[in-house]
Amino acid sequence: MSRPGRPPIFWEALVTVIVKTVLLLFTKRDWRGRANVPRTGGVIIAANHLSWSDPLLFAHFAYNNGRWPVYLAKSGVFDIPVIGTIVRKCRQIPVYRGSTDAARSLKEAEQALREGSCVIFYPEGTITRDPEFWPMAAKTGVARLALATGVPVIPVAHWGAQELLPYGQKKPRLFPRKTFRVLAGPPVDLSKYEGLPMRGQVLKDATADIMAAITAQLAELRGEKAPDAPFDEAESRAG
């Protein structure tokens, strides 16, 4: 039986039972904007990144909205015994950083989108270093994927993962139970970039539009005003 964008039934069932059981035990959920996540067809969900725990938490959100989450994960994860087999069987995509194969992950993600997958993308490329946890300046991979495939980009903000597992720590804070809050917005309008060459300023501007939408969702979720400009880690180090 064809299962566009999904792994074999056995592996999906195995991972779902384990992950959902753990998350239901140790977290609470406040999910909004779920109607903005399309149930079928290729789609990019672009999100902020707060903690090493948020991929699992966010996968729960995607799965309960009828989508199998496909992540771009560090290639080293695929070499870990047992875990590597599971992530490979579950159709996750390895990212080969710092090598001639670095572009391969985007090609694999593009193919997955054309096959109808739901690709979860963290445009910042890493956990935010902003002192107040706002999104940082992003890389252009998400815009390149969106413009190459024409699939919708859903901006999604989340909050709470940083309380469960703060950046730099290895032991989660399970009690009291943390609430994982999510707000999904409508697709980002990238129509003004259609037909333009996918390079330079076009990619930067499209990326900025996507990040602005994510940041706006996070400001609404937190009930706070976002910074006028995103945190730039390179500038922070230089200063």
Side-chain angles (χ1 to χ4, degrees), residues 2-24 26-27 29-75 77-78 80 83-95 105-127 141-142 145-146 149 151-161 164-165 180-185 187-188 210 214 217:
S2 177
R3 290 165 52 80
R6 305 186 83 98
I9 292 175
F10 170 80
W11 292 102
E12 178 174 326
L14 175 66
V15 170
T16 300
V17 168
I18 295 172
V19 172
K20 287 188 69 171
T21 299
V22 172
L23 295 181
L24 288 171
F26 293 111
T27 63
R29 290 152 301 287
D30 177 11
W31 296 342
R32 288 176 268 165
R34 297 174 64 177
N36 289 315
V37 180
R39 293 287 181 135
T40 60
V43 62
I44 296 171
I45 294 183
N48 58 314
H49 200 359
L50 295 171
S51 162
W52 294 123
S53 68
D54 62 53
L56 286 180
L57 293 164
F58 203 72
H60 189 190
F61 169 80
Y63 188 80
N64 274 38
N65 281 283
R67 302 309 306 251
W68 180 258
V70 176
Y71 284 95
L72 280 71
K74 291 181 179 179
S75 59
V77 173
F78 292 75
I80 301 173
I83 292 176
T85 298
I86 293 173
V87 295
R88 189 174 292 106
K89 292 292 186 181
C90 288
R91 298 195 59 179
Q92 307 308 297
I93 298 171
V95 176
S105 57
L106 285 181
K107 285 293 184 183
E108 291 187 25
E110 181 178 334
Q111 181 61 34
L113 288 168
R114 296 189 187 282
E115 293 173 356
S117 293
C118 171
V119 175
I120 314 294
F121 210 97
Y122 293 121
E124 298 160 273
T126 188
I127 295 170
V142 65
L145 270 181
T149 60
V151 303
V153 180
I154 309 300
V156 182
H158 60 86
W159 189 249
L164 177 65
L165 183 63
F180 185 60
R181 302 170 61 202
V182 178
L183 179 59
V188 181
I210 294 169
I214 296 171
Q217 297 296 118

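Just so it is clear, the values below take in all heavy atoms, side chains as well, and ignore hydrogens, waters and symmetry mates.
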Flag yes if more than 12 heavy atoms outside Ile80 fall under 6.0 Å of its CD1 atom; otherwise flag no.
yes
Working to the nearest 0.5 Å, report the span between [atom1] of [X] and [atom2] of [Y].
| X | Y | atom1 | atom2 | result |
| --- | --- | --- | --- | --- |
| Leu183 | Trp31 | CG | CH2 | 14.0 Å |
| Cys90 | Leu14 | SG | CG | 7.5 Å |
| Ile86 | Lys89 | CD1 | NZ | 11.5 Å |
| Arg181 | Arg29 | CZ | CZ | 14.5 Å |

Check whether any side-chain heavy atom of Phe58 lies under 4.5 Å from a side-chain heavy atom of Pro69, and answer yes or no.
no
So Ile154 and Val43, side-chain contact (heavy atoms from CB on, under 4.5 Å) or not? Walk me through it.
CA-CA 8 Å; Ile154 309 300; Val43 62; 3.7 Å; yes
Can you list the residues that meet the side chain to side chain contact (heavy atoms under 4.5 Å, CB included) rule with [X], with sequence neighbours excluded?
| X | result |
| --- | --- |
| Ala109 | Leu72, Ile93, Leu145 |
| Glu115 | Arg91, Gln111 |
| Ser53 | Ser51, Leu57, Ala161, Leu164, Leu165 |
| Val37 | Ile45, Phe61, Asn65, Arg67, Ala184 |

Chi angles and distances behind the side-chain contact (heavy atoms from CB on, under 4.5 Å) call for Asn48, Glu124:
CA-CA 7 Å; Asn48 58 314; Glu124 298 160 273; 4.1 Å; yes
For residues 44-61, which residue pairs qualify under salt bridge (Lys or Arg N to Asp or Glu O under 4.0 Å), counting only residues two or more places apart or in two chains?
none
Shortest non-hydrogen contact from [X] toward [Y]:
| X | Y | result |
| --- | --- | --- |
| Pro123 | Ala46 | CG-CB, 4.1 Å |
| Ala146 | Val153 | CB-CG2, 3.4 Å |
| His60 | Leu24 | CE1-CD2, 3.9 Å |
| Leu50 | Gly160 | CD1-N, 4.4 Å |
| Ala62 | Ile120 | CB-CD1, 4.4 Å |

What residue pairs, at least two apart or across chains, pass side-chain hydrogen bond (donor to acceptor under 3.5 Å, both in side chains) with a residue in residues 12-21?
Arg3-Glu12, Arg6-Glu12, Glu12-Tyr63, Lys20-Asn64
Look only at the side chain of [X] and the backbone of [Y], and say whether a donor-acceptor pair between them is shorter than 3.5 Å.
| X | Y | value |
| --- | --- | --- |
| Ser105 | Val95 | no |
| Ser117 | Leu113 | no |
| Gln217 | Ala47 | no |

Counterpart residues, salt bridge (Lys or Arg N to Asp or Glu O under 4.0 Å), relative to Arg114 (two or more places apart)
Glu110
Under the salt bridge (Lys or Arg N to Asp or Glu O under 4.0 Å) rule, collect the residues that match up with Arg34, sequence neighbours excluded.
none
Partners passing ring-ring contact (aromatic ring centres under 6.0 Å, His included) against [X] (at least two apart in sequence or in another chain):
| X | answer |
| --- | --- |
| Trp11 | none |
| Tyr122 | His49 |
| Phe180 | His158 |

